[in-house]
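Some notes on the structure that comes next.
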Amino acid sequence: MKEQLEAIRTATKQALSSCTDAKQLDQLRVQYLGKKGELTAILKQMGKLSAQERPAMGQLANQVRTDLEQALAEKQHALSERMLQHKLEAEAVDVTLPGTAQRQGSMHPLHIVEQEIREIFLGMGFSVADGPEVEYDYYNFEALNLPPDHPARDTQDTFYITDDILLRTQTSSVQVHVMETQKPPIRVISPGRVYRSDTVDATHSPLFHQIEGLVVDKGVTMADLKGTLKLLMQRLYGDDCKIRLRPHHFPFTEPSAEVDVMCFQCHGEGCRMCKGEGYIELLGAGMVHPKVLEGCGIDSSVYSGFAFGLGLERIAMRHYQIGDMRLLFENDTRFLEQF
Ligand code: PHE
C-alpha cells in the first residue's frame, strides 16, 4: 500500500508538471483526489490492514492527500497567474501610438448668421420667442389680417396639411402667439424655419429661415423701427452702412415698407451685385396693423408697435458671397468645412 501511495504521489506530481490549463488541472483533481479517484480507491482498502499497520498507513495516506492538495493548489495559482499575465499582455495599450484623428465639425453659415443677429438683438433688450412650424391658418394668416379670401394669400404658396392646418409661410405667426400671451412692453425676435411651395433654384427653396422682430409699447413709432433696423445693419455691415425704406404693402402692417441696405460692394454707387441699384432689398417691415393688435387683445388706442421679418438665407449668402442657395441645404462637407 505504501508503494501504491508513493506511486500516486509521483504520478500526480508528474502529471501536474506537464499540465498547462485549468481544464486539465480539474481532470487531474478528479482522477487522483475525487470520490472515485485513485487515492480514494486505496483508502477504501484501509480496512483490510492489520491494527498495527493502520495508523502508519493512515498517516502516510493523509500526508499524500495534503501534499497533493497543496500541489494542485499551487498549480492552480500558477496557472491563473499565467492567464492574468497573458490577458494583461494581450490588452496592453501602447500609449505612444498615434491616436485616431477626429475631424472637427464647423458651424453652419445660417447658424453663424442667426447667432450673430440674435446677439445683436439680445444686446438691445429683446428676448427670443419660439413658435410651431406646423401652424393653424389662424396664426399664419387670419390673425394677421389675411381673411380666407384675401388675395395676398396667393403670394405665399402654402403647404396645407388640412383646410386649417399648414406649414407656416412666415415667422409673423409667432407675433400673434406672443401678443396673445404677453402684455406690452413686448420686445421679441423669433428665428425659425418657414415653408413655401417654391421650386428649388439658386435663389429659392421650399424651406428657408426668417427672423421675425416685434416691438409693442406705448408711443412706438416708425422712427423706432428705422433706428432699430439701422443699428442692426450697422452691427452686421459696419458703421457706414445706410438703409432705406421703400413704401410697400403687407396686410398686417400699416404703413409697410421694404427695407434696403446699401450695397457693401459699391457703397451705393451701383454695381453688378446690386444690379446698378446701389441698394439691396433685405427685409419687410412696418407698424403693426391696429386690427392685428386688437385681435390679440391689445388696445390699439394705447399701444402701437412695429414688426419686421428678414430672410436669413439672403443675409448669409451676401455675407459669405454664396452664389447658390442650394449649397446651404445640401450639407456637402466640402462646402460646410469652409466656415
Ligand atoms: N412676414 C413677411 C414676409 O414673410 C415679412 C414681414 C414681417 C413684413 C413683419 C412686415 C412685418 O414677407
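Fair warning: this is a prediction, and the values are worked out from it, not measured in the lab.
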Please identify which of these residues, Leu16, Leu68, Leu72, Thr12, meets the side-chain contact (heavy atoms from CB on, under 4.5 Å) condition with Arg29.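 Passing option: Leu72.
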
Single-linkage hydrophobic cluster, 4.5 Å side-chain cutoff, [X] and [Y] together:
X      : Y      : result
Leu229 : Ile315 : yes
Met262 : Ile243 : no
Leu144 : Phe308 : yes
Val194 : Ile161 : no
Leu214 : Leu122 : yes

Just wondering, more than 12 heavy atoms not from [X] lying within 6.0 Å of its [atom1]?
X      : atom1 : result
Met124 : CE    : yes
Asp130 : CG    : no
Tyr136 : OH    : no
Gln321 : CD    : no
Asp163 : CG    : no
Gln59  : CD    : no
Arg54  : CZ    : yes
Arg246 : CZ    : yes

Residue pair [X] / [Y], side-chain heavy-atom distance below 4.5 Å:
X      : Y      : value
Leu336 : Met107 : no
Met233 : Leu283 : yes
Thr169 : Asn140 : yes
Glu337 : Arg103 : yes
Tyr195 : Thr158 : no

Relative to each other, are the rings of Phe141 and Tyr160 parallel, tilted or perpendicular (30° and 60° limits)?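 Ring orientation of Phe141 relative to Tyr160: tilted.
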
Using side chain to side chain contact (heavy atoms under 4.5 Å, CB included), reason through Glu116 and Arg235 one step at a time and then give a plain yes or no. CA-CA 9 Å; Glu116 209 173 318; Arg235 290 279 171 78; over 6 Å; no

For Asp26 and Lys23, what are the C-alpha separation, side-chain angles and deciding distance, and is it a salt bridge (charged side-chain N to carboxylate O under 4.0 Å, His left out)? CA-CA 5 Å; Asp26 236 33; Lys23 207 173 147 198; over 6 Å; no

Quick one: do Glu212 and Thr171 satisfy side-chain hydrogen bond (donor to acceptor under 3.5 Å, both in side chains)? Show the steps, please. CA-CA 6 Å; Glu212 189 80 7; Thr171 43; 3.0 Å; yes

Judged by atom type as modelled, is there a donor-acceptor pair below 3.5 Å linking the side chain of [X] to the main-chain atoms of [Y]?
X      : Y      : value
Asp21  : Gln24  : yes
Arg314 : Glu281 : yes
Lys75  : Cys19  : yes

Stepwise, does the side chain to side chain contact (heavy atoms under 4.5 Å, CB included) test hold for Leu110 with Leu312? CA-CA 7 Å; Leu110 284 175; Leu312 260 191; 4.2 Å; yes

Using a strict threshold of under 4.0 Å (side-chain N to carboxylate O), is an ion pair present between Asp198 and Arg196?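 The answer is no: the pair does not qualify as a salt bridge.
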
Decide if the gap between the ring center of Tyr139 and the ring center of His177 is smaller than 6.0 angstrom. yes

